[in-house]
Amino acid sequence: MSTITTTNPATGETIKTYSLMSEQEATAKIEAAHAAFLDWRSLSHAERAPYLNAIAQELRDNADELAALMTRETGKLLKDGHREVEICAAIFDYTAEHGPDLLADEERTHGTNGARGVVTYQPVGVIYSIQPWNFPLYQPVRVLAANLMTGNACVLKHAEICTGSGLRLRELCIAAGLPEDLFQVIIIDHDTSDTLIQNTLVRGVTLTGSDGAGRHVGAVAAKALKKTVLELGSNDAYLVLEDADIETAVKFSVMGRLYNNGETCVAAKRFVVTDAVYDQFVQAYVAQMEGITMGDPTDDDSQLGPLSSQEQFDTVKTQVDDSVAKGAKVLCGGNPPDGKGAYYPATVLADVSPGMPAYDDEIFGPVAAIIRAKDDADAMRIANDSRYGLGGGIFSRDEDRALKLARDHFDTGMVRINSFGAADPNMPFGGVKDSGYGREHGGFGMKEFVNVKAIFLP
């Protein structure tokens, strides 16, 4: 039987080896989850809520252990791991508080005589969740919390490099009182995964990953007529307009590019700067990026840890080298240190143009691409000149104008104005174009995998 091995990217040391499940073993997990769903669906939304609150408390009670585990498996800063645990707990609490009202039956009328109608949001069964490594706890939690409240069961296929985090999450859910089979974690290869998508007990598929992975999983699911939610990659543009406050722009641009070691789908990646403030912004931004302390992710003084794996390091290095070969200019960074660990420094590239990975693709690491725009209108054009459309940002002193640009012109699912942030339980999360479709958070995720059932009374 094949195995997978997890490795600490900061040291190269082996953490643990796991055996892959056979197709039969994984299918049994789906069948068990479906059996648990048949009981779980009989509970009311209000009766499910305390389970979610209990899971939130279990996460908080084990925050130190969880943060340390995520740091060992993916290299994220320990302090970012603690923040991730709290976000996850907040998601469970939000879902417990708001789910019963958001999913309550709705009274409507039908027909010319205004007869009574009821719209009800009913669970559908087992939801198959395929998740990446960059947020080992948050990625599965945002699917799990919503679907537990809805009344569904959940089967998680986590990224190989954070297998331990996925298994530990399940253990804590069970410790909190969740029925043991309702949330399953399976350790399988891609071929087995494709087979499971076609299992009749799987009623929906959600994936967070690259647009390539989304195309593949979406196609397999479509052949089986399964609904999907796809949260894919992006190359988010942050606009620095002519009236931007440069200090604010630089502060959040550094944060937006380095958060989670730069390995965030909704990170700030392209910085589109108008000619009027270009030199001022670039000088200040490079100075701050040059001063970033890279080091041991468990050290409080570290501002940047290693990338998640040697494979990810090689990918980022190749993308930067290719961009430079095509004319990009390195303003800082770009020269990884010798020694152990998948460390890549905070890097700023200028003279970035179409045809370069830094312009066209997603660099999942601490690499900023700066693009000069003639004026504000040109900056907006460049921002939308991307196959992606997950998030973005606008720096401007005129918030009303920035709001109008964000609402009417930015072709993305999310826009930040004079700030940066990754996710909030009360706001929808998701994108357009090659960044996928469907929404999570803000109550929207609870209605992605439900049977919106219309009942007509006389």
Side-chain angles (χ1 to χ4, degrees), residues 1-20 63-85 131-140 157-169 185 187-190 209-210 213 257-265 267 289 292-322 330 332-347 357 362-367:
M1 181 178 289
S2 299
T3 61
I4 59 172
T5 299
T6 54
T7 303
N8 186 329
T11 64
E13 295 172 341
T14 296
I15 302 172
K16 193 168 183 178
T17 297
Y18 303 87
S19 297
L20 289 176
D64 290 346
E65 174 211 336
L66 288 168
L69 176 57
M70 290 190 287
T71 295
R72 282 198 306 276
E73 289 192 320
T74 69
K76 68 167 64 239
L77 297 180
L78 188 62
K79 52 195 170 189
D80 284 348
H82 277 99
R83 277 192 283 266
E84 184 170 340
V85 174
Q131 298 302 326
W133 43 258
N134 57 328
F135 291 97
L137 205 62
Y138 163 74
Q139 298 287 6
K157 178 192 180 299
H158 216 337
E160 292 183 359
I161 70 173
C162 57
T163 298
S165 295
L167 292 170
R168 187 63 181 134
L169 172 61
V185 177
I187 306 171
I188 57 175
D189 59 24
H190 294 303
S210 68
R257 183 62 288 216
L258 299 185
Y259 177 63
N260 203 50
N261 297 337
E263 297 168 313
T264 308
C265 54
M289 291 285 276
I292 293 298
T293 300
M294 181 171 66
D296 184 341
T298 65
D299 190 334
D300 287 343
D301 293 331
S302 294
Q303 298 169 289
L304 181 64
L307 295 176
S308 63
S309 65
Q310 187 60 43
E311 179 184 7
Q312 185 61 25
F313 174 92
D314 293 342
T315 297
V316 170
K317 185 177 186 305
T318 298
Q319 289 176 303
V320 172
D321 292 347
D322 188 21
V330 179
C332 73
N335 186 26
D338 294 329
K340 65 182 180 181
Y343 289 93
Y344 198 93
T347 299
E362 178 178 40
I363 298 184
F364 220 57
V367 180

* To do: Name all residues meeting the side chain to side chain donor-acceptor pair (under 3.5 Å) criterion together with E362; count only those two or more places apart in sequence or in a different chain, and write none if there are none.
  => K269
* Evaluate the side-chain proximity of F135 to T264: yes if any heavy-atom separation is below 4.5 Å, no if none is. => yes
* What pair of heavy atoms forms the shortest contact from P345 to G333, and how long is it? -> CG-CA, 4.2 Å
* Please confirm whether the backbone N or O of V367 pairs with a side-chain atom of T347, one donor and one acceptor, at under 3.5 Å? => no
* Structure fact -> Residues pairing under salt bridge (charged side-chain N to carboxylate O under 4.0 Å, His left out) where one sits in residues 312-321, two or more places apart or in two chains, turn out to be K317-D321
* **Any donor-acceptor N/O pair, N261 side chain to P306 backbone, under 3.5 Å** => yes
* What distance separates I188 CD1 from L20 CG, expressed to the nearest 0.5 Å? -> 9.0 Å
* Asked: Under 6.0 Å from the CD atom of E311, do we count more than 12 heavy atoms belonging to anything else shown?
  -> no
* To do: Please check if the side chain of H158 supplies one atom and the backbone of V185 the other of a donor-acceptor pair under 3.5 Å.
  => no
* Structure fact -> Contacts of E65 meeting salt bridge (Lys or Arg N to Asp or Glu O under 4.0 Å) (sequence neighbours excluded), chain-then-number -> R168
* Check side chain to side chain donor-acceptor pair (under 3.5 Å) between K76 and all other residues, then give those that pass, not counting sequence neighbours. => E84, N260
* Shortest non-hydrogen contact between G334 and P336, atoms and distance -> O-CD, 3.6 Å
* **Main-chain N/O of Y18 paired with T163 side-chain donor or acceptor, under 3.5 Å** => no
* For S309 and A342, work out which heavy atoms get closest and say how close. => O-CB, 3.5 Å
* Residues which pass side chain to side chain donor-acceptor pair (under 3.5 Å) with T5, listed by chain and number, not counting sequence neighbours -> T17
* **Partner set under side chain to side chain contact (heavy atoms under 4.5 Å, CB included) for T315, not counting sequence neighbours** => Q319
* Please answer whether the main-chain N or O of D296 pairs with a side-chain N or O of S302 as donor and acceptor at a distance below 3.5 Å. => yes
* **Y344: ring pair (Phe, Tyr, Trp, His ring centres under 6.0 Å) partners, not counting sequence neighbours** => F313
* Check side chain to side chain contact (heavy atoms under 4.5 Å, CB included) between R83 and all other residues, then give those that pass, not counting sequence neighbours. => K79, D80
* Asked: Would a 4.5 Å heavy-atom cut-off, applied to side chains only, mark Y343 and P297 as touching?
  -> yes
* Taking C-beta and beyond as the side chain, do S308 and I161 meet within less than 4.5 Å on heavy atoms? -> yes
* With no hydrogens and no angle check, is any side-chain donor or acceptor of R257 less than 3.5 Å from a backbone partner on G262? -> yes
* **Check against side chain to side chain contact (heavy atoms under 4.5 Å, CB included), I187 and L167** => CA-CA 10 Å; I187 306 171; L167 292 170; 4.2 Å; yes
* Considering all heavy atoms, the nearest C265-F364 contact -> N-CE1, 3.5 Å
* With sequence neighbours left out, write down each residue that passes side chain to side chain contact (heavy atoms under 4.5 Å, CB included) with S210, or none if nothing qualifies. => A213
* To do: Taking all heavy atoms of I363 and all of P357, pick out the closest pair and write down the distance.
  => CG1-O, 4.3 Å
* To do: Return the minimal non-hydrogen interatomic distance between T74 and C162, and the atom names on each side.
  => CG2-CB, 4.2 Å
* To do: Can you sort out the partners of E73 under side chain to side chain donor-acceptor pair (under 3.5 Å), two or more places apart, ordered by chain and number?
  => S165
* With Q303 via side chain to side chain contact (heavy atoms under 4.5 Å, CB included) - residues at least two apart -> I292, T293
* Roughly how far, to the nearest 0.5 Å, is the CG atom of L304 from the CG atom of L77? -> 7.0 Å
Side-chain donor/acceptor pairs under 3.5 Å, residues 8-16, sequence neighbours excluded:
unit_1, atom_1, unit_2, atom_2, d
N8, OD1, A10, N, 2.9
T11, OG1, E13, N, 3.2
T11, OG1, E13, OE1, 3.4

